[in-house]
Amino acid sequence: MTERVAPARAIYGVISVPGDKSISHRYAMLASVAEGDSKIYNFSSGADCHSTLECMRALGAAYEFDQEDGRRVLTIHGKGTRGLQPSATTLDAGNSGSTIRMLSGILAAQPFTTEITGDGSLQQRPMRRIIAPLTEMGAHIEATNSEFPPLRIHGAPLRAIDYTPPVASAQVKSCILLAGLYAEGETTVREPIATRDHTEIALRELGANIRIEPRTVRLRGGAHLSGKTLVVPGDLSSVAFFLIAALIVPDSDLIVTNVGLNPTRTALLDVLKSMGANIKLLHVEQLNGELIGNLQIKSSRIRGGTIEGATTAALIDEIPVLTVLGAVSEEGIVVRDAAELRVKETDRIETIAQNLRRMRITVRTTKDSIEVPGRQQYHAAETHSCGDHRIAMAFSIAALAADDACLIGEAEAASVSFPEFYETLRRIAK
Ligand code: S3P
């Protein structure tokens, strides 16, 4: 499906966004291996999290959605840590790296073998990063060229490890912690660079025996988890698109309600504020161990600057839309230490650069960096998502600042994380 997005004069209104994708995956997996039912409000509407639910259902944990006072509520019928059953078919993680990597941690501990795969993009994403620690814990995993899905996971009794992942990855950390839930002894994950800590928080909320310290997590295996009522905050990585739209389109004033503000996810807000963005936090509170609040964003002159090191890792999902901002900032935006971008849903350094060039924007790339000089004008063009949700949404935002309407090819990719993206955009773009 090709979407047409016209230039906007203002971004205006009050919106909410779907539940956080990262947190939804974790609640779906953990509620499935908890004892009893969990009720989950504001579960992500994205296809990725649906893939996780379907995988858990295939392993025996049933779920259903109901309406409650006009709100969609998900009930997951937990099977207990030892209650999953072998799946009759190969599990399908779709486009979702989080599903395959995190769920592999649980599968590695089961007394049965599971095959799990995904779409064409997922079959090209690196898995050695989880295969290595899970093998060290005692599982046996077969993969194409020892790296790519489909994975055939032969579960086994696991032993705890003390592990320092070589890449900054919350998915790898989470995979090891989920395996650690089943392991004999205390599993420790040490992170040279801090990554999102939703797994640790969710494990603690559901009753795991866990100690969370800055950049070190320790989890004792064998605990039982208890199902409970959970509320998923709105996804800041989805808000990012409208946030940057409101910054770059003149006369904008946007309020976004119930946004997840976990400090391991808010690097984007800190970076933008340091570049001159007018962003205010309103009504921040804590729910299930996660911070949640409202944001107000107004059009701002953005200086631009360099993003590198731990900051790059902390806002890795927001880089596509940050580079879009770079072109209309005063000094441009440089992103360094971004090799991980090459192994996301697409090679994002490449797909960002291709689309910027289609809009006649100057951009320079290296193997792990991208540099977009400032004070440039977006020109109307036909861009393409390449099947990557964040590329579809980032270039829809670029279109708002273009000199005429743009077309975005394969725009339906947005529904991987944000099926309501275009509907919401049409409501606030004036
Ligand atoms: C995620 C972690 C990040 C991120 C992905 C979601 C998670 O991946 O890019 O969209 O939910 O843990 P890595 O941990 O591989 O960097």
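Order of listing sets the numbers, starting from 1, for every ligand and every atom in it.
Residue Ser169 touches ligand 1 through backbone and side chain together, judged by heavy-atom distances below 4.0 Å.
In this structure, Asn42 contributes its side chain and Val232 its backbone to a donor-acceptor pair below 3.5 Å.
Of all the atoms in ligand 1, the ones that sit under 4.0 Å from a non-hydrogen atom of Lys344 are 3 (C), 4 (C), 8 (O), 9 (O), 13 (P), 15 (O), 16 (O). For ligand 1, the atoms lying closer than 4.0 Å to a non-hydrogen atom of Ala170 are 12 (O), 14 (O).
Side chains of Thr52 and His25: a donor on one and an acceptor on the other come within 3.5 Å. Side-chain contact, Arg152 with His140: no donor N or O sits under 3.5 Å from an acceptor N or O.
No salt bridge links Glu382 with Arg358; every basic N to acidic carboxylate O contact stays at or beyond 4.0 Å. Taking a cutoff of 4.0 Å between a charged side-chain nitrogen and a carboxylate oxygen, Lys39 and Glu68 qualify as a salt bridge.
Below 3.5 Å of separation, one finds no N or O of Arg129 facing any N or O of ligand 1.
Ligand 1 lies less than 4.0 angstrom from a heavy atom belonging to Ile316. Every heavy atom of Ser174 sits 4.0 Å or more from the atoms of ligand 1. At a 4.0 Å cut-off, at least one heavy atom of Arg26 sits close enough to ligand 1 to count as contact. For the pair Arg196 and ligand 1, a heavy-atom separation below 4.0 Å is found.
For the pair Arg190 and Tyr163, the NZ or CZ position fails the cation-pi test of under 6.0 Å to the six-membered ring centre and within 45 degrees of the ring normal.
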